[in-house]
Amino acid sequence: LFRLLYIHRPCLQVMEAMLVAAVTATISFAMIYFSNDCQPLGQDNTEEYSLQLFCADGEYNSMATAFFNTPERSVRSLFHNPPGSYNPLTLGVFTLAYFVLAVWTYGLTVSAGVFIPSLLIGAAWGRLFGILLSTITSSQSIWADPGKYALIGAAAQLGGIVRMTLSLTVILVEATGSVTYGFPIMLVLMTAKIVGDYFIEGLYDVHIKLQSVPFLHWEAPPTSHWLTAREVMSSPVTCFNRVEKVGRIVDVLSNTSTNHNGFPVVPGKICGLILRSQLIVLLKHKVFVERASSRLSHRKLQLKDFRDAYPRFPPIQSIHVSQDERECMMDLTEFMNPTPYTVPQETSLPRVFKLFRALGLRHLVVVDNENRVVGLVTRKDLARYHLGKDGLEELHLAQT
């Protein structure tokens, strides 16, 4: 929320990224300098590139191994290094510092995610848990290798953040190359999801709400059965005729107050639906004639013309239409969708919701008893309704 409100300028975003990098480097060097966890380089050492920082010859720094290696290599080290490679204090301090820095770093305007850092944090405290189990008991032979606890800790940390179960189990089993730990990983992920869902939604769900993304869940809100299409639709609707003047099409597409993507085609009753992207391609190729009675036989477009413009269709501001061309007419019959999905005004919200989920719709035209357009339902119209603490609530969704 702080970044959305105050750090939205590019210069501030760059300065924040530089600040986070400087603080991260400072904390890393300070922790490595004051760390006294130097391990000998033995025959069983699995480190490909051991970091000696502030340690004597023949030794390597465990804190530097965890902090200054790439996160992927650090995770591998926590999984596979033999017992005794890390002491509990090193892992405890590293886990706390890395967690705080990861929370701060996530959300910066840089290409950084939360997947690998979550694995590293979970592997660190998982290995710490395994070490403490063997330390507080007299017999150390009954406990598994600390690397196994690191694997389970990584699964728990990542599962608690992204709230995935089956897919994450498959990913971790594929990463380890063995199905031996499939059952404990599945138990850990289910537990992490249940415990996490008791307190708050997953990280990605929280960010979907923060960014006001019109995301549809699997089912409509339980208390939305009393809402109808008339109450959730957008109205009035901007419609076009079968043969429309080019100037009006350009004015509608250029209107900055509205950003409609679909337009019903109505010579009274609905007969089709045409998209903004299709209209832009038609304007770009100047598929219009001087009189409405003229034919378009000499101005045929192919499907390739639309495919070449996908997915980054040019903005309407980049298309030049002269004053004489604004008086021309455009026949939309050949390019519109002649069978758009429609629903009556009294259709319930759960039924409309199921249509969007099952058919992957972006627009649903609402008509009256005489098949005339009275409204248009989009994903944003549906996604703004959710079940809150006080019942059914409406969200503010992004306009773009």
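For Gln278 (side chain) and Leu275 (main-chain N/O), a donor-acceptor pair under 3.5 Å exists by modelled atom type. The closest donor-acceptor contact from the side chain of Asn87 to the backbone of Leu89 lies under 3.5 Å. Under a 3.5 Å cut-off, the side chain of Ser118 and the backbone N or O of Val114 do form a donor-acceptor pair. One N or O on the side chain of Thr24 and one on the backbone of Val20 form a donor-acceptor pair closer than 3.5 Å. Side chain of Asp368 to backbone of Arg372: a donor-acceptor contact under 3.5 angstrom is found. Side chain of Asp381 to main chain of Thr378: a donor-acceptor pair is present (N/O by atom type, distance under 3.5 Å, no hydrogens or angles).
Atoms CG and CG, on Leu382 and Leu364 in that order, are 8.5 Å from each other to the nearest 0.5 Å. With rounding to the nearest 0.5 Å, the separation of CG in Asn337 from CG in Leu273 is 6.5 Å. Taken to the nearest 0.5 Å, the CZ atom of Phe29 stands 6.5 Å off from the CD1 atom of Ile32. The CE atom of Met329 lies 6.5 Å from the CD atom of Glu244; values are rounded to the nearest 0.5 Å. Between the CD1 atom of Ile161 and the CG atom of Leu168 there is a distance of 10.5 Å, given to the nearest 0.5 Å. To the nearest 0.5 Å, atom CG of residue Leu91 and atom CG of residue Leu132 are 9.0 Å apart.
In terms of hydrophobic clustering, with Ile, Leu, Val, Met, Phe, Trp and Tyr side chains grouped at heavy-atom distances under 4.5 Å, Ile131 and Leu120 are assigned to a common cluster. Linking Ile, Leu, Val, Met, Phe, Trp and Tyr residues whenever their side-chain heavy atoms come within less than 4.5 Å leaves Leu12 and Val110 in two separate clusters. A continuous path of ILVMFWY side-chain contacts below 4.5 Å connects Met233 to Leu216, so both sit in one hydrophobic cluster. If you chain together hydrophobic residues whose side chains sit under 4.5 Å apart, Phe34 and Phe68 fall into the same group. Hydrophobic cluster membership differs between Met190 and Ile152, with clusters built from Ile, Leu, Val, Met, Phe, Trp and Tyr side chains linked at under 4.5 angstrom.
Of all heavy-atom pairs between Pro344 and Ala229, the closest is O-CB, 3.9 Å. Of all heavy-atom pairs between Pro40 and Tyr60, the closest is O-CE2, 3.8 Å. Listed here is the closest heavy atom pair of Ser235 and Val374: OG-O, 3.2 Å. Taking every heavy atom of both residues into account, Thr333 and Asp331 meet most closely at OG1-OD1, 2.8 Å. Between Ala192 and Gly160, the closest heavy-atom pair is CB-N, 3.8 Å. Gly262 and Leu376 make their closest contact through O-CD2, 3.9 Å (heavy atoms, listed as atom of the first residue, atom of the second, distance).
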>> Applying side-chain contact (heavy atoms from CB on, under 4.5 Å) to Val366 and Thr342, what does each step give before you reach the verdict?
In response: CA-CA 6 Å; Val366 182; Thr342 62; over 6 Å; no
> salt bridge (Lys or Arg N to Asp or Glu O under 4.0 Å) between Glu201 and Arg163: does it pass, once the steps are laid out?
Replying inline: CA-CA 8 Å; Glu201 296 176 304; Arg163 308 289 167 84; over 6 Å; no
>> Run the side-chain contact (heavy atoms from CB on, under 4.5 Å) test on Glu72 and Val75 for me, step by step, so that the C-alpha distance in whole Å, both residues' side-chain angles and the decisive distance to 0.1 Å come before the verdict.
In response: CA-CA 5 Å; Glu72 295 84 1; Val75 171; 5.9 Å; no
> Could you go step by step and tell me if Leu78 and Tyr86 meet the side-chain contact (heavy atoms from CB on, under 4.5 Å) rule?
Replying inline: CA-CA 9 Å; Leu78 291 168; Tyr86 297 91; 3.8 Å; yes
>> Applying salt bridge (Lys or Arg N to Asp or Glu O under 4.0 Å) to Glu370 and Lys269, what does each step give before you reach the verdict?
In response: CA-CA 8 Å; Glu370 298 181 3; Lys269 298 180 180 181; over 6 Å; no
>> Show, in sequence, the C-alpha distance, side-chain angles and deciding distance for Ile185 and Leu151, and conclude whether the side-chain contact (heavy atoms from CB on, under 4.5 Å) test is met.
In response: CA-CA 8 Å; Ile185 288 176; Leu151 172 63; 4.2 Å; yes
> Can Asp251 and Ser254 be said to form a side chain to side chain donor-acceptor pair (under 3.5 Å), step by step?
Replying inline: CA-CA 5 Å; Asp251 292 338; Ser254 303; 5.7 Å; no
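Residues Ile319 and Leu253 fail the side-chain proximity criterion, which asks for heavy atoms closer than 4.5 Å. Put simply, the side chain of Ser85 reaches to within 4.5 Å of the side chain of Arg127, judged on heavy atoms. Looking at heavy atoms from C-beta onward, Arg326 lies in side-chain contact with Val250 at the 4.5 angstrom threshold. Arg242 is listed as a side-chain neighbour of Cys271, based on a closest heavy-atom distance under 4.5 Å. Residues Thr90 and Ser35 are in side-chain contact: their nearest non-hydrogen atoms beyond the backbone lie under 4.5 Å apart. For the pair Val367 and Ile270, the minimum side-chain heavy-atom distance is below 4.5 Å. Contact of the Ile194 side chain with the Tyr198 side chain is not registered, since no non-hydrogen atoms from C-beta on lie closer than 4.5 Å. Val265 places none of its side-chain heavy atoms less than 4.5 Å from the side chain of Phe335.
In this model, a donor atom of one side chain and an acceptor atom of the other lie less than 3.5 Å apart for Ser77 and Asn81. Ser322 and Asp324 form no side-chain donor-acceptor contact under 3.5 Å, judged by distance and modelled atom types alone.
Within 6.0 Å of atom CZ in Arg248, more than 12 heavy atoms from other residues, nucleotides or ligands are found, so the atom counts as buried in its surroundings. Within a 6.0 Å sphere centred on CZ of Phe99, other residues, nucleotides and ligands contribute 12 heavy atoms or fewer. Remark: Arg3 CZ is packed, more than 12 non-hydrogen atoms of other residues, nucleotides or ligands lying under 6.0 Å away. Open room surrounds CD on Glu219; 12 or fewer heavy atoms of other groups in view lie less than 6.0 Å from it. Atom OH of Tyr204 sits in a crowded spot, with more than 12 heavy atoms from other residues, nucleotides or ligands closer than 6.0 Å. Annotation for Gln317: atom CD counts as buried by contact number, over 12 foreign heavy atoms lying within 6.0 Å.
Residues passing the ring pair (Phe, Tyr, Trp, His ring centres under 6.0 Å) test with Phe353, sequence neighbours excluded: none. In terms of the side chain to side chain donor-acceptor pair (under 3.5 Å) criterion, Glu59 has no residue partners (sequence neighbours excluded).
The aromatic rings of Phe263 and His260 sit perpendicular, their planes meeting at an angle over 60°, well past the 30° parallel limit. Ring-plane geometry between Phe67 and Tyr98 is classed as tilted, the angle between the planes lying from 30 to 60 degrees on a 0 to 90 degree scale.
For Tyr341 and Phe356, the ring centers sit 6.0 Å or farther from each other. Checked against the 6.0 Å centroid threshold, Phe2 and Tyr6 count as a close aromatic pair.
At a threshold of 4.0 Å, the pair Lys245-Glu327 counts as salt-bridged, since one of the basic side-chain nitrogens sits closer than that to a carboxylate oxygen.
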